[in-house]
Amino acid sequence: MPGTNEAWGWHPRTLVVDNYDSYTYNLVALLTDAARAHYSSFGGSGEASIEETERRAQEHIIVIRNDEYSWETVRDSILPHVDNVVISPGPGTPARREDVGVGRDIIAHTQRDGHPVLGVCLGHQMIAHEYGAKVDQSVVPVHGQTSSIDVLDDSCLFHGIPSGFCAVRYHSLTVTHMSSSLRVLARAAGTVEHAGRVVASTDIMGIRHNTLPLWGVQFHPESVCSEHGPRLLANFAQLTRMAVGRLHVLRIPPHVQSMSVQARDQRVWERTPTEPRFSLVARRVELHGVVDAGARVFAHVHSSDWAPVWLDGSDNSGMSVLASSAHAATVRYTVHSQQVRVVRATGPGTEDTLYVQTLSEPFWTWMQRTVDATRCVDSVGPAFRCGWIGHFAYEMKDDGSDDRESESAVDAQLTFVDRCVVVEPDCAWVLALVRRAVDVEHEWLDQACGFASTAEAEAWVHGQTQRVREALGVDVPDPEPLHVQMRPLMDRATYLDAIRTAQQLIAQGESYEICLTNEFQGLIAPGQMSARQAYLRMRQNNPAPFGAFIWDSSNQSGILSCSPERFQRTRVDSETEIEMKPIKGTSRREPRPFLSNEYDEWREEDERRKQELLSSVKERAENLMIVDLIRHDLNTISHSVRVERLMHIESFARVHQMVTTVRARSCAGVVECLAHCFPPGSMTGAPKTRTTQIISQLENRRRGVYSGVLGYFSTHGRSDWAVVIRTAVVADGRMSVGTGGALTILSEPKAEWAEVETKLHATMADSVSP
């Protein structure tokens, strides 16, 4: 009968057991693609058929974490409704129960219920361990490198896959001795880099049980650089059909479907459409070739502003926003207390409280509703058309978890900018919002957000336009050098010890990559003026696309950022389009010489350093690990993740960086998109959950703003957020600069310390470190 599962053919329903890995949803995406391809061949091309194809593909994958349910619940309530199981990669060892959870029980239970199981990486090791093989530390740990895979048996899992195909490996443990009940299907071939040498690697890459439907692969078929991942999973689907005969044809019961991580996320992020709250008054000002207009507007218009907000595209490649948090609504949130507070600054160090609430939901959810409630009607204008500007500190990673920090510092702060100047390469925009609708839940918005009438907004825009035109003719003097003696919280010896500890943990299988950081501190004159001069000097020495100077008058503190790294940009039409650009891989760059006779030599050396960075096995491995992590994060909310530029070099004043561009489309809101990918993987490593726990132990300090994100949510649905690196935080006459690097098994401790110093000087070129 049309519409039944029989009419649509059979495709295996899969339970994915997530071992708290940061690549699991890349596997889920491969499985979903396979189901989508299968049902597309039955569903036709009409809109209803396409929607039904997508629904069936999505509901055929159930994802649970390895400790989410008891074994009895999994055995009795989930396994009877699925056809096969995929056990994901993850940190740890197959011998430790807390690392593997119910996955071990599922593998053992295959002897009784015959559910086919495919184990990947840790899942592969779990199968080997359960059936008598020995799993131990590999002589040559491999993370983020590609190996040639020799297929020794192509009759089952590797059917149709050519021997010698390339696959990415992330593992420190390996199957060292097989048991009589298992058979080797594939081995690594060729060489990998290890400890500064090129060495042979022949680790076991694929196994199967002799009589039970159990298969394992040590490599990662879901990596963007692995070949034949879809074919391998298609083979597993065919092996499932052969092993269990007739597949399930009835729909998955609602109680099982609701157990899926995806289903729960959909409930958490359900959104009610709201009417636009504001309309926009906008006036365009031509720049007529004026250089560095943003700095001119800052110097002239905001010279006496006690609460300036400046998002500064100081490399002239993009956009700058100049505004003020004076008399504006500012949201502050503290993870420890789960309290959100909305205030309005009334003067330097004084403010009124507009709203206070202790949340019973994640702040991200509350903020998504708030962003939805501050939308503007469609209008013509720049990428930012007023909205929320601020930061999410690194510790927001703990929001909604049981691992909340015990400190009471502000972990998220966002100011609603209802009037501003936006500078683009060729023009400036003067913008103001006018209130046009209200809602009871966000009544406090009407006390501090938007002009009450169009006439008032137009009057402000007219006056500000005159000031902007005046500013374009103002010369900005060069800032004075700022010599700050910077001292690290972890001295060189302590930091090198922490690197070695991190590498020991990587060798034990606890992580693939750990982003270790340090903090340097120094003293400057207290107050906004010295912070302004420091920032102007920073942007002169290191112009960057995501600069920022934000001064908080309530506690006389500021953020001075010259970040080169976009974390996430979104644009909303019928869906949300997402772009992420992780940076991993850094090389020092010498300043361009003033003398023409020195230029050719400088250019030759500059190009050599770029090529050296691009060809570095270590740097490419670091970048790949984060790219695969970002794909995983996006795959939790998207159905179309794609890597558009893999590992290219972008050059800045002081450094070369290896960058990858990843894009996706999603039905999620802009805050939801940010939340699902936070904290930045380039500042944690992978897998995220276990690695952030390791970082807390190694660093033993609060990172704060550093390693978080800074940017905006615009009223028309766009957002743009940068990773907070190359950043100084100033408070009470003390300046702190965070800096660090990603550690892998290939890292050389002394070189890592040199990279820390390179990044410090890229941030504060005038600084001196002991």
Side-chain angles (χ1 to χ4, degrees), residues 294 310-321 382-384 387-392 394 396 422 424-425 515 539 542-548 550 559 561-572 576-586 622-623 626-631 633-634 637-638 641-666 668 670-671 673-684 705-714 717-727 738 742 759 762-763:
W310 183 12
L311 299 184
D312 176 22
S314 59
D315 66 346
N316 296 315
S317 65
M319 178 188 76
S320 294
V321 179
F384 180 76
W388 296 96
I389 292 179
H391 74 271
F392 293 89
Y394 173 77
M396 277 297 294
V422 177
E424 296 181 319
C515 185
R539 75 188 294 274
N542 189 29
F546 306 107
I550 299 178
I559 301 172
S561 181
C562 288
S563 174
E565 182 174 359
R566 167 171 284 135
F567 177 55
Q568 186 181 97
R569 176 171 63 180
T570 62
R571 180 172 60 85
V572 177
T576 302
E577 185 172 306
I578 310 164
E579 178 187 84
M580 300 184 71
K581 293 186 70 174
I583 287 176
K584 265 291 162 270
T586 302
E622 288 181 12
N623 196 284
I626 301 308
V627 170
D628 279 341
L629 180 151
I630 283 175
R631 291 174 57 241
D633 287 345
L634 289 173
I637 53 171
S638 174
V641 178
R642 58 200 185 277
V643 176
E644 300 212 340
R645 287 193 73 188
L646 181 65
M647 300 186 205
H648 61 280
I649 303 299
E650 292 187 0
S651 299
F652 300 90
R654 299 279 173 172
V655 293
H656 298 296
Q657 308 265 205
M658 189 183 294
V659 185
T660 292
T661 302
V662 185
R663 291 195 172 97
R665 295 186 68 82
S666 174
V670 291
V671 182
C673 291
L674 192 67
H676 271 273
C677 299
F678 191 90
S682 60
M683 301 306 297
T684 62
V705 177
Y706 173 64
S707 297
V709 297
L710 185 151
Y712 68 79
F713 297 119
S714 178
R718 290 198 178 197
S719 72
D720 205 351
W721 294 86
V723 180
V724 182
I725 55 175
R726 316 290 191 274
T727 297
K759 292 174 178 176
T763 306

Side chains of Thr684 and Tyr394: closer than 4.5 Å at any heavy-atom pair?
-> yes

Side-chain contact test, heavy atoms from C-beta onward, threshold under 4.5 Å: evaluate it for Met683 versus Ile725 and give yes or no.
-> yes

Distance in Å, Met647 CE paired with Lys584 NZ, rounded so as to fall on 0.5 Å steps | 13.0 Å

Is Asn623 reaching over with its side chain to a backbone N or O of Met658, donor-acceptor style, under 3.5 angstrom?
-> yes

Would you name the heavy atoms of Glu424 and Pro382 that are closest together and state the gap between them?
-> OE2-CB, 3.5 Å

With respect to Glu577, which candidate in Arg569, Arg718, Arg665 satisfies the salt bridge (charged side-chain N to carboxylate O under 4.0 Å, His left out) definition?
-> Arg665

Pair Glu565 + Arg726: basic N to acidic O under 4.0 Å | no

Would Leu311 and Ser320 satisfy side-chain contact (heavy atoms from CB on, under 4.5 Å), going step by step from the backbone distance to the final call?
-> CA-CA 5 Å; Leu311 299 184; Ser320 294; over 6 Å; no

Correct closest heavy-atom pair for Cys562 and Ala544 would be O-CB, 3.4 Å

Please confirm whether the backbone N or O of Val723 pairs with a side-chain atom of Ser563, one donor and one acceptor, at under 3.5 Å?
-> yes

Ala762 versus Val655, closest heavy-atom pair with distance | CB-CG1, 4.2 Å

Any donor-acceptor N/O pair, Ser714 side chain to Gly387 backbone, under 3.5 Å = no

How about Ser719 and Thr570: does a side-chain donor come under 3.5 Å of a side-chain acceptor?
-> yes

Does Pro543 reach the side chain of Phe652, with side-chain heavy atoms less than 4.5 Å apart?
-> no

For atom CZ of Arg642, is the number of surrounding heavy atoms from other residues, nucleotides or ligands below 6.0 Å larger than 12?
-> yes

Check: Val659 main-chain N/O paired with His648 side-chain donor or acceptor under 3.5 Å | yes

Any sub-3.5 Å donor-acceptor pair from Ser682's side-chain atoms to Pro680's backbone N or O?
-> no

Regarding Thr727 and Ser561, is there a side-chain donor-to-acceptor distance under 3.5 Å anywhere?
-> yes

In this structure, OG of Ser666 is separated from CD1 of Ile637 (nearest 0.5 Å) by 4.5 Å

Kindly determine whether Thr660 and Ile626 satisfy side-chain contact (heavy atoms from CB on, under 4.5 Å), including the steps that lead there.
-> CA-CA 9 Å; Thr660 292; Ile626 301 308; over 6 Å; no

Should Gln568 and Leu674 count as side-chain neighbours, where that means a heavy-atom distance under 4.5 Å?
-> yes

Taking Gln657 for the side chain and Glu650 for the main chain, is one N or O donor matched with an acceptor at less than 3.5 Å?
-> no

Is Thr586 close to Lys759 at the side-chain level, that is, under 4.5 Å between some pair of heavy atoms?
-> yes

Evaluation steps, side-chain contact (heavy atoms from CB on, under 4.5 Å), between Phe546 and Asp720 = CA-CA 9 Å; Phe546 306 107; Asp720 205 351; 4.1 Å; yes

Determine whether Trp310 and Ile550 make a side-chain contact, defined as any pair of heavy atoms from C-beta on separated by less than 4.5 Å.
-> no

Step-by-step ring pair (Phe, Tyr, Trp, His ring centres under 6.0 Å) determination, Trp721 to Tyr712 | CA-CA 6 Å; Trp721 294 86; Tyr712 68 79; 7.5 Å; no

Separation of Cys673 SG from Met580 CE (nearest 0.5 Å) | 9.5 Å

Could you tell me whether the side chain of Cys677 reaches within less than 4.5 Å of the side chain of Ile630, counting heavy atoms only?
-> no

Judged by modelled atom types alone, do Thr661 and Glu644 share a side-chain donor-acceptor pair under 3.5 Å?
-> no

Test side-chain contact (heavy atoms from CB on, under 4.5 Å) applied to Glu579 and Arg566, step by step = CA-CA 9 Å; Glu579 178 187 84; Arg566 167 171 284 135; 3.0 Å; yes

